[in-house]
Number of protein chains: 2
Amino acid sequence: MSQTGRTMAEANDIIEPRVSSHPDVVGVARPRMRDVAALAEVGIKTVSRVINDEPGVSEVTRQKVLQAAQRLNYQLDMAAQSLRRAGRQTLSIGLLLPSVANPFHGQIHRALGDVLASHGMAVLAASLDDDAAREEALVKAFLRRRVDGLVLTPVAKSQGYLPEHSSDLPMVFIDREPVGTDADAVVSDNAAGAAKAAAHLISQGHTKLAYLAGRTDIQTARQRRRGFTDELGRAGISPDTVHFLEGLRSEESARKAVRELLTGAEPPTAIFSAQILVTFGVMRALQELGLNRAVALVGFGDFTLSDMMDPGITVVAQHPEHIGRVAAERILARINGDQQEPQTYIVPCELILRGSGEVPPPPPNR
Amino acid sequence: MSQTGRTMAEANDIIEPRVSSHPDVVGVARPRMRDVAALAEVGIKTVSRVINDEPGVSEVTRQKVLQAAQRLNYQLDMAAQSLRRAGRQTLSIGLLLPSVANPFHGQIHRALGDVLASHGMAVLAASLDDDAAREEALVKAFLRRRVDGLVLTPVAKSQGYLPEHSSDLPMVFIDREPVGTDADAVVSDNAAGAAKAAAHLISQGHTKLAYLAGRTDIQTARQRRRGFTDELGRAGISPDTVHFLEGLRSEESARKAVRELLTGAEPPTAIFSAQILVTFGVMRALQELGLNRAVALVGFGDFTLSDMMDPGITVVAQHPEHIGRVAAERILARINGDQQEPQTYIVPCELILRGSGEVPPPPPNR
DNA sequence: CTGAAAGCGCTAACAT
DNA sequence: ATGTTAGCGCTTTCAG
């Protein structure tokens with residue numbers, strides 16, 4: 001009655017602490033199922049059944065195994081498990097964000113992580129920094145780790161670098177839609193949000209508007225611009241009377257641009273900022289010029305303390321928790337075999353009035 | 001000359017696309033080293049050598065293998081690799097934070113992730129929400145995934161739940177020191193930072209101070225309080241003249257507390273807030289009471305737009321990037337076998353003057 | 001209800 | 001320089 005080459009008596013008496021093979025590290029190697037089986041005096045498969053909550057084990061045996069596992073502080077090795085298991089899932093997904101330090105994406109991460117954690121799934125997170133080369137490298141790194149799925153904010157112009165059979169790998173794009181690949185996407189309703197901002201400013205009586213934005217090469221920026229200009233059209237405002245200042249890559253460049261805009265000819269009476277850093281730059285410029293209560297401002301993207309500004313900043317708020325939650329649901333569905341046609345899920349934006357967007361235009365006289 | 005039971009000719013001609021065993025998923029299973037070996041007409045070990053950049057392969061063979069790998073879009077399976085490889089490392093670490101949505105911890109995450117990524121290591125991140133039960137559960141989940149190390153912000157009163165041989169698992173605590181476990185820690189110099197704040201307010205002539213804080217049961221809060229009171233002692237200010245309001249668990253409770261404080265008897269002329277949400281509450285209360293330019297404020301913890309407030313908020317800034325970087329270096333060192341005595345690494349704080357801390361006390365007359 | 005044997009994809013150790 | 005074999009810790013398959 002030998003068990004894996006060791007009698008039961010031996011199993012109880014002789015504990016051979018395998019020395020860790022780690023360089024410079026002395027210590028006892030972590031126990032394996034064999035060790036638990038030996039201690040519980042059962043076969044290894046019975047341990048496997050107990051650990052995995054499979055049926056077909058008597059309660060007595062179960063308890064014996066659980067006690068042995070506890071005594072040895074046994075922890076299943078999921079890597080080994082997933083190597084053999086049907087489906088071969090690793091119960092992990094890869095998350096690629098512009099930066100985990102960015103509050104907007106941090107909130108997405110949080111919501112997504114919570115949903116996935118409740119399904120026993122782990123999240124591997126990495127920051128891209130709008131670096132297309134990194135995007136490709138990190139996707140490959142995640143593939144080597146055999147993640148069950150990928151959730152990413154694409155920065156590369158195209159996701160054509162993905163292996164042809166990428167359809168095998170569940171993927172959900174967030175914030176931006178993919179290019180050159182067909183996959184689910186979860187995005188804000190950028191066009192409608194920007195349109196709401198335009199409509200709001202127009203409803204306050206403004207006609208001399210300015211549209212300020214950052215990068216123009218990303219989809220979200222184009223959608224916001226389209227929503228804004230479409231609304232101008234609906235309101236019968238000629239785009240010629242609107243200042244479009246784009247390509248503002250930093251808070252500082254936005255600040256300078258606004259200073260020039262407002263001290264130049266035909267200054268606008270209301271500003272829409274399509275990007276959060278641009279919004280910060282606009283706020284600075286208005287404050288410096290003492291125009292914060294004289295020029296209206298609506299910003300795309302909410303932020304902490306927006307209501308503490310003078311005046312409070314009216315924004316088009318995105319809902320990162322919502323985006324994260326939907327992305328989590330989609331990736332889970334795909335992992336579980338959902339084969340429906342890839343689809344883009346649109347999360348609505350919300351116009352939040354706080355004062356800056358309700359600054360009226362100056363009286364028409366003179 | 002058979003290769004894994006298949007002749008070379010067959011290897012080239014017959015491609016047997018194993019069907020994915022995934023439920024409802026049709027598709028070709030990802031290629032293994034065997035497949036690459038067959039295509040390149042070499043042994044599997046040669047493929048292993050090439051893929052892992054091991055020496056002892058002729059350039060010609062190398063190229064043959066690389067081409068085959070590329071053609072099949074081969075990606076190494078790191079899980080299988082780590083199962084057999086010496087050292088058995090998974091090249092991943094677990095990161096446990098209060099919340100990945102918290103900007104302070106997001107910045108730590110970012111810095112840590114960058115350093116680790118440059119060493120080919122992945123980061124599994126999870127949010128704890130100050131839930132001790134979650135801490136333990138998530139640590140175990142990470143252990144099952146065989147992370148090479150753990151970086152965590154402890155919330156449990158003690159880390160005694162860790163397996164006895166936890167010394168085998170490299171661990172670095174951040175923001176707070178561990179209890180009941182001996183491990184490296186990387187923390188802000190909370191005491192010195194709070195002392196700087198106190199010294200600054202006192203140097204501005206304030207003697208009627210208030211100390212507001214959140215939870216009192218965490219180490220960082222106690223250290224800040226100690227630093228603050230120690231400085232009072234050095235300056236010869238009796239703690240009896242100082243209001244200590246602690247246990248303010250939210251921005252709102254801080255706001256209310258400050259309103260009562262300032263409308264009550266013996267109002268302070270300067271406030272130190274030991275926690276960022278408390279700082280926000282204080283700012284709100286001061287603004288509501290119209291006292292933002294009349295009562296001095298120094299807050300512990302920097303935040304976006306702090307300089308845009310009226311007045312700018314003087315803060316004791318922590319350096320999350322620095323904390324993250326040091327934590328990454330420590331966990332890497334430990335993983336690589338560093339056996340030195342566990343140590344606490346203290347990252348200095350910086351007092352940043354922006355106006356609110358430089359509000360002078362009211363003139364003594366009356 | 002239980003367990004022995006085979007094998008997941010890979011690398012270590014040892015051939016050749 | 002290259003290949004063969006065993007085995008990492010686990011689950012599958014199949015036999016009791």
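Throughout, a chain's letter reflects where its sequence line sits, starting with A, and its residues are numbered from 1.
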With A:Gln81, the side chain to side chain contact (heavy atoms under 4.5 Å, CB included) member among A:Ile51, A:Asn52, A:Leu91 | A:Asn52

Among A:Val326, A:Asp184, A:Leu150, which residue meets the side chain to side chain contact (heavy atoms under 4.5 Å, CB included) test with A:Val172?
-> A:Asp184

Nearest-Å distance, [atom1] ([X]) to [atom2] ([N])?
X: A:Arg62; N: C:dT2; atom1: CZ; atom2: P; result: 12 Å
X: A:Lys64; N: C:dG3; atom1: NZ; atom2: C1'; result: 13 Å
X: B:Arg146; N: D:dC10; atom1: CZ; atom2: C1'; result: 11 Å
X: B:Leu83; N: D:dA6; atom1: CG; atom2: P; result: 18 Å
X: B:Asp77; N: D:dG9; atom1: CG; atom2: P; result: 16 Å
X: A:Arg34; N: D:dG7; atom1: CZ; atom2: C1'; result: 9 Å
X: B:Gln75; N: C:dC10; atom1: CD; atom2: C1'; result: 15 Å
X: A:Arg30; N: D:dC10; atom1: CZ; atom2: C1'; result: 12 Å

Given [N], is OP1 or OP2 found less than 4.0 Å from the side-chain N or O atoms of [X]?
X: B:Thr46; N: D:dG3; result: yes
X: A:Arg88; N: D:dT11; result: no
X: B:Ser58; N: D:dT2; result: yes
X: A:Tyr74; N: D:dG9; result: no

Test side-chain hydrogen bond (donor to acceptor under 3.5 Å, both in side chains) applied to A:Glu59 - qualifying residues, sequence neighbours left out |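 Testing A:Glu59 for side-chain hydrogen bond (donor to acceptor under 3.5 Å, both in side chains), a comparison that skips the adjacent residues, returns A:Arg62, A:Gln63.
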
Is it true that atom CD of B:Gln70 has more than 12 heavy atoms of other residues, nucleotides or ligands lying nearer than 6.0 Å?
->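 It does not: B:Gln70 CD has 12 such atoms or fewer within range.
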
B:Arg32 side chain, from C-beta outward: closest of D:dG3, C:dT2, C:dG9 | C:dG9

B:Leu97 CG to A:His109 NE2 distance, which is reported to the nearest 0.5 Å |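 If we round to the nearest 0.5 Å, B:Leu97:CG and A:His109:NE2 are 8.5 Å apart.
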
What distance do B:Met33 atom CE and B:Ile44 atom CD1 have between them, rounded to the nearest 0.5 Å?
->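 Going from CE on B:Met33 over to CD1 on B:Ile44, the span is 6.5 Å.
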
So does A:Arg330 pair up with A:Asp338, basic N to acidic O under 4.0 Å?
-> yes

Take B:Leu116 and B:Ile93 through the test side-chain contact (heavy atoms from CB on, under 4.5 Å) and record every step on the way to the result.
-> CA-CA 9 Å; B:Leu116 291 176; B:Ile93 69 118; 3.4 Å; yes

Specify the angle, to 10°, made by the local axes at the two ends of the helix from C:dC1-D:dG16 to C:dT16-D:dA1 when five pairs are taken at each end.
->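 Comparing the axis at each end, I get an angle of 40°.
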
Can you give one letter per nucleotide of nucleotides 11-16 of chain C, 5' to 3': B if a protein heavy atom sits under 4.0 Å from the base, S if only from the sugar-phosphate, - if neither?
-> BBB---

For A:Arg176 and A:Val155 the tightest heavy-atom approach is NH1-CG1, 3.8 Å

